[in-house]
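To keep things clear, I will list the structure first and then write my remarks on it.
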Amino acid sequence: MMQWSLRITTYADRLLSGLDHIDWTESLKEAQRNWIGKSTGASIFFPIQSVEAQIEVFTTRPDTLFGVSYVTLAPEHDLVEQICTPEQKEAVMAYLLYAKARSERERMADVKKVTGVFSGAYALHPFTNELLPIWIGDYVLAGYGTGAVMAVPAHDSRDFAFAKQFNLPIKQVIEVPAEHNLELASYDEKHGKLLASDFLNGLDVKAAILACIAELEKQGKGKGKTNFRLRDAIFGRQRYWGEPIPVYYKDDIAYTLDESELPLLLPEIDTYLPTSTGEPPLARAKEWKYKGQYNYEWSTMPGWAGSSWYFLRYMDPQNQQAFASPDALAYWKQIDLYLGGSEHATGHLLYVRFWTKFLFDLGLIPKDEPAKKLINQGMIQGTSEKLRKLDPNKHTCYTFTNEQAFLTINGQVYALSQKPSDVFVSENALNLLGDLAQTLSGSNIDVNYVEKGQLNYEQFVQSHHYQDALFLCEGGYWYKGQFHVFASAGSDAIVCFQEVEKMSKSKYNVVTPDTIVAQYGADTLRLYEMFLGPLEQSKPWSTQGIEGVHRFLKKLWRLFYDANGQLQIKDEPAPKPVLKALHKTIKKVGEDIENFSFNTSVSTFMICVNELTELKANQLQVMKDLLVVLSPYAPHIAEELWQAIGMNESIAQAQFPVFNPEFLVEDSFSYPISVNGKHRTNIEFALDADASFVEQTVLQDEIVQKWLEGKSPKKVVFVKGKIVNVVI
RNA sequence: GCGGAUGUGGCGUAAUUGGUAGCCGUGCCAGACUUAGGAUCUGGUGCCGAAAGGCGUGGGGGUUCGAGUCCCUCCAUCCGCACCA
């Protein structure tokens, strides 16, 4: 099919090098580097003996050129049919059919299976003119490089496996360590001295690569080349919902619309489905034609078209002349912080960089990277409930004829009145199936119908169109709302098994926060999500411990209101311990916000409220500051208490309090005293106490004396404000 | 195979960046108040041990007066990419 695509490959190199200048997570940058897949090497031409054509191969190891013992083409390679000899024709055609039938997925899943066929033709070695058999094998990918490889079995494991399979020669051209047996495995390492390689002999791999490329270029038989794994991005979608591609066709030639004719809007259509002849939905709009006579392009743009630049529009959303004015662009420049999931690493987050670079090159925007900093938040995962399922095509214990179905368990055959639509197996019934149990696939069950690991059969069957499904249990089976007993001792419970995976509609494991909000309020939910752990970490959703966060909010409330619901805040100066508790919190939370460490902030607030409760703090200024610091975390309760203490303007407008280090200054410190690095006691010293005084006092301490056992210490380490360590 | 990350109490996690490991919260134990509690409050809670003390941050080794933190090595788990020539 003809397709629109965007030439992202042109930007491959810049997309790669740009990664070094942005503050994105290393794992995400690495994912993009892998995806772009830059490799440097050479492209080399191998003339074909019998026909007027040559095979171009790409290799990262031109140094091993003298170790080539055959050439392999991908089954889809253009030259395959042209070069194969009459004797081999039949075998080749059969192989091509086989390779075509094997889906891409199979090919990838089945990497170990080596298959191929000899074409009958020979290529000539570019330097030695040696005859090299041309093979066809599906371990060579049509989509990468030139779809052809020069095979060096001695120094490439895949070529080695192929050579062993088809008994092809293996020629060593690099020195290998004594313990390495080239009979058993290839030597793929990129170091060692070249041998049996004419002008490359004695060179190291790195030098040989350069020397070989130089010679190839001199003789016009190849050249140095950089290859990318990245493919151009398909840009057309055969769907309705997407921006129309502003192109029309005249005599089968595509023309773009003039800028003055934009935007091209989606036409109205009767139904959002392809036409009966398989055209995209837009083909349904019969009147939708350029100048009333030429068909528009019927494909629409993919989702990533819009998602690649919408952030620019946010800078100036009302602008009717341009997507954003130069002033707005100069002011906002780029995204300061992008908080997003790592699942977009090789999709959206690559496209948006590509798109940004393109607009930058056109001089339309001031930065060639969309986002300065990017953080991957972890996913809150779901706990799926699953039941194993019998497959009538695979599992012979479940058979059926047109009228009847039979279930064979422990040699006993049970006849079912009708063929069930599905057969699910409860966990406690797995032992009935013996070894078979291990081959059953898991099927997701809606978590809303599972309580404490057990499926609520009545509810589930009602609402899931599984009225005709059979649920095999330990003591019988559920079918059509009835339980049929076959073992009096066994239970009728339908027990699920659990698995933690991403929350998704299709996995029926989505839990909405609504019930939490209803029970505890939105602030509790919000705080609890932050309290669960670091932002970047993925973890299964669990409400274990949500009570603690809720209790914290109640405690906060009680700082403001006494047991009778009377406001107890006084406009009085606060004593030093209260100010210390407050300013510790201001400092820590301020730092946490900069570090996106929200879980530790919640903990800090808890400590603060515990301390203020202990101190019976009720001073207005302290409470005001506390509320402002808390407000981004628990906005609703903060706003409510803010108003309760007489503030009129919203707390969202209030200034973040300024941390005052004076309140944290201590004049003494309880030094941990260790002996040989092991903590033994604590002694309080003034912070300005001098080293010799501290040393004297420590050595006279009873506990230290005991550990000294009368010996004199080798030395005493004193780190001001930190520790004292006595070394014996 | 390549790359990225992670490993700390029963559990979720914390540790001023080389200086008292286990903060905060759950859970558990005990107690108070209650007709009652899935409410509230108080105390305890890393492990072994009666105690003194010993052990303890995935395993092993190293640097250091001192290592969860730095270095070497091995192991396990999760994620991404993968016959990429």
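Throughout, protein chains are lettered first and strands after them, A, B, ... in sequence-line order, and every chain is numbered starting at 1.
- Residue A/Arg33 places no side-chain N or O under 4.0 Å from the OP1 or OP2 atom of B/C81.
- Remark: A/Asn599, A/Thr600 in residues 587-602 of chain A come within less than 4.0 Å of RNA chain B through at least one heavy atom.
- The phosphate of B/A85 has neither OP1 nor OP2 within less than 4.0 Å of any side-chain N or O from A/Lys190.
- Put simply, the side chain of A/Asn34 and the base of B/C81 share no donor and acceptor less than 3.5 Å apart.
- Remark: A/Ser670 is not in phosphate contact with B/U20, judged by side-chain N or O atoms under 4.0 Å from OP1 or OP2.
- Remark: A/Phe531, A/Leu532 in residues 520-533 of chain A come within less than 4.0 Å of RNA chain B through at least one heavy atom.
- Residue contacts for A/Arg680: at a heavy-atom cut-off of 4.0 Å it reaches the sugar-phosphate backbone alone, with no base atom in range.
- More than 12 heavy atoms of other residues, nucleotides or ligands shown are found within 6.0 angstrom of CD on A/Glu684.
- Using a 4.0 Å heavy-atom criterion, one finds that A/Lys720 contacts no nucleic acid atom at all.
- Where A/Gly145 and A/Trp35 each meet RNA chain B at their nearest nucleotide, the meeting point lying more 5' is that of A/Trp35.
- The stretch residues 542-566 of chain A comes close to RNA chain B through A/Gln544, A/Gly545, A/Gly548, A/Arg551, A/Lys554, A/Arg558, each having a heavy atom under 4.0 Å from the strand.
- Atom CZ of A/Phe693 sits in a sparse spot, with 12 or fewer heavy atoms from other residues, nucleotides or ligands closer than 6.0 Å.
- No more than 12 heavy-atom neighbours from other residues, nucleotides or ligands sit within 6.0 angstrom of CD on A/Glu614.
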